[in-house]
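Notes follow once the structure below has been shown.
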Amino acid sequence: MLSNLTKNLVELERDQVLSEIKERIGQGEDPLKIFEECKKAMDLVGEKYKNKEYFLAELMLSGDLFREATELIEPYLRGKVTEGDIKGKIILATIQGDIHDLGKDIFGMLLKLEGFEVYDLGVDVNPDVVIEKVKEIQPDFLGFSALLTITFDPMKEVIEKLEKAGLRDRLKILVGGGITTPLVKDYTGADFQTVDAMEGVQFCLETIKARVVIRARGGI
Ligand code: B12
């Protein structure tokens, strides 16, 4: 059954959505649960768009409303994720042709809360810009956010070029975003795929922890 919040967000009832979130947060409800209900609404908006019940205008309005909703939730997510002094560097990008950024921004925000250094290259990013940035920053992770199927080939291209340039060995590459699946991970040559930002954060934390242990044992 759909929650009231999910239904109202699908119906683009801005005032009701924002006031319910404020009220539930005020009552001390788990912000992650509220977030999940908002995310569910975005999937349903997507379905309505696909079925031609909604058009581009509704997609845009839903995107703006979702951002407003997550801005209300964000301050309460602090402390929900584990604090710690283990840090890593990550480059994030939505590749050329794709301008969706809501999911990328949420993943980036959660990473920052964990103490990661996040270099967000934005949306519609040229593959060569990603490669140059990897050369410059030498990050631990590269994360692609993908909402359109046309992104698969440019992401694959970046990963192949990184391999050829000898920049791939220490770099863990993540792909995330609504349309990604394990097959997309295999096709592009990434290391990890998810449609859940928290899972992505967990992957980064575990990778960093494993590296600390390997280093302590005299490895790389
Ligand atoms: C809102 C929206 C828009 C907004 C985007 C606003 C913005 N600032 O991002 C606007 C109006 C701009 C838009 C435009 C278009 N859209 Co649109 N859009 C959506 C919609 C409804 C929601 C996407 C969203 O933000 N979801 C909420 C976020 C939080 O979810 P998420 O991205 O999956 O992120 C979560 C996880 O996946 C994860 N995550 C995300 N990225 C990453 C990265 C990493 C590394 C990790 C670890 C995790 C991670 O973290 C998040 C939290 O858990 C989807 C429907 C859907 N089912 O996704 C369609 C959808 C993606 N859009 C679609 C289409 C077709 C378009 C347009 C082509 C429409 C048009 N005719 O112009 C344009 C494309 C423009 C372009 N060149 O990019 C299609 C894509 C179809 C396809 N297979 O390619 C979809 C699926 C709708 C549909 N069912 O047809 N859209």
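Hydrogens, waters and symmetry mates play no part in the numbers below; they use all other heavy atoms, side chains included. Order of appearance sets the numbers: ligands from 1, and atoms from 1 within every ligand.
For ligand 1, the polar-atom distance check finds no N/O of Glu47 at less than 3.5 Å from any of the ligand's N/O atoms. Any N or O atom pair closer than 3.5 Å counts here, and Gly178 shares at least one such pair with ligand 1. For a threshold of 3.5 Å applied to N or O pairs, the pair formed by Tyr49 and ligand 1 contains at least one separation below that value. Residue Ala197 has at least one nitrogen or oxygen atom sitting less than 3.5 Å from a nitrogen or oxygen atom of ligand 1, judged on distance alone. Inclusion of Lys50 in the set of residues having an N or O under 3.5 Å from an N or O of ligand 1 is not warranted. The distance criterion of under 3.5 Å between nitrogen or oxygen atoms is met by Ile99 with respect to ligand 1. For the pair Met60 and ligand 1, the shortest N or O to N or O distance does not fall below 3.5 Å. Taking distance alone, with nitrogen or oxygen atoms compared against 3.5 Å, Phe107 stays at or beyond that limit from ligand 1. Below 3.5 Å of separation, one finds an N or O of Ser145 facing an N or O of ligand 1. Some N or O of Gly97 is nearer than 3.5 Å to an N or O of ligand 1, by distance alone.
Under the 4.0 angstrom criterion, atom 36 (C) of ligand 1 counts as having a protein heavy-atom contact.
For Arg67, the heavy-atom gap to ligand 1 drops under 4.0 angstrom. Heavy-atom distances between Phe192 and ligand 1 stay at or above 4.0 Å for every pair.
Considering just the N/O/S atoms of His100, the one nearest atom 17 (Co) of ligand 1 carries the name NE2.
Checking side-chain atoms of Asn51 against main-chain N and O of Glu53 turns up no donor-acceptor pair under 3.5 Å. In this structure a side-chain-to-backbone donor-acceptor pair under 3.5 Å is missing from Arg24 to Gln27.
Lys39 CE, 3.9 Å is the protein heavy atom nearest to atom 30 (O) of ligand 1.
Atom CG of residue Leu5 and atom SG of residue Cys38 lie 4.5 Å apart, to the nearest 0.5 angstrom.
Residue contacts with ligand 1, taken as heavy atom pairs separated by less than 4.0 Å, involve Phe35 solely via side-chain atoms from C-beta onward.
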Item checked: CA sep, side-chain torsions, deciding dist, call: Asp64, Arg14, side chain to side chain contact (heavy atoms under 4.5 Å, CB included) -> CA-CA 10 Å; Asp64 290 346; Arg14 182 177 176 275; over 6 Å; no
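Seen from the ring of Tyr187, Lys156 counts as a face-on cation partner, given the 6.0 Å and 45° thresholds.
Counting heavy atoms of neighbouring residues, nucleotides and ligands inside a 6.0 Å radius, atom NZ of Lys112 does not exceed 12 of them.
Phe203 and Phe141 have perpendicular rings, their planes meeting at more than 60° on a 0 to 90° scale where under 30° would count as parallel.
Selection from Leu147, Thr151, Thr194 by nearest heavy atom to atom 23 (C) of ligand 1 gives Leu147.
Ion pairing of Glu136 with Lys133 is present here, as a side-chain N (NZ or NE/NH1/NH2) and a carboxylate O approach within less than 4.0 Å.
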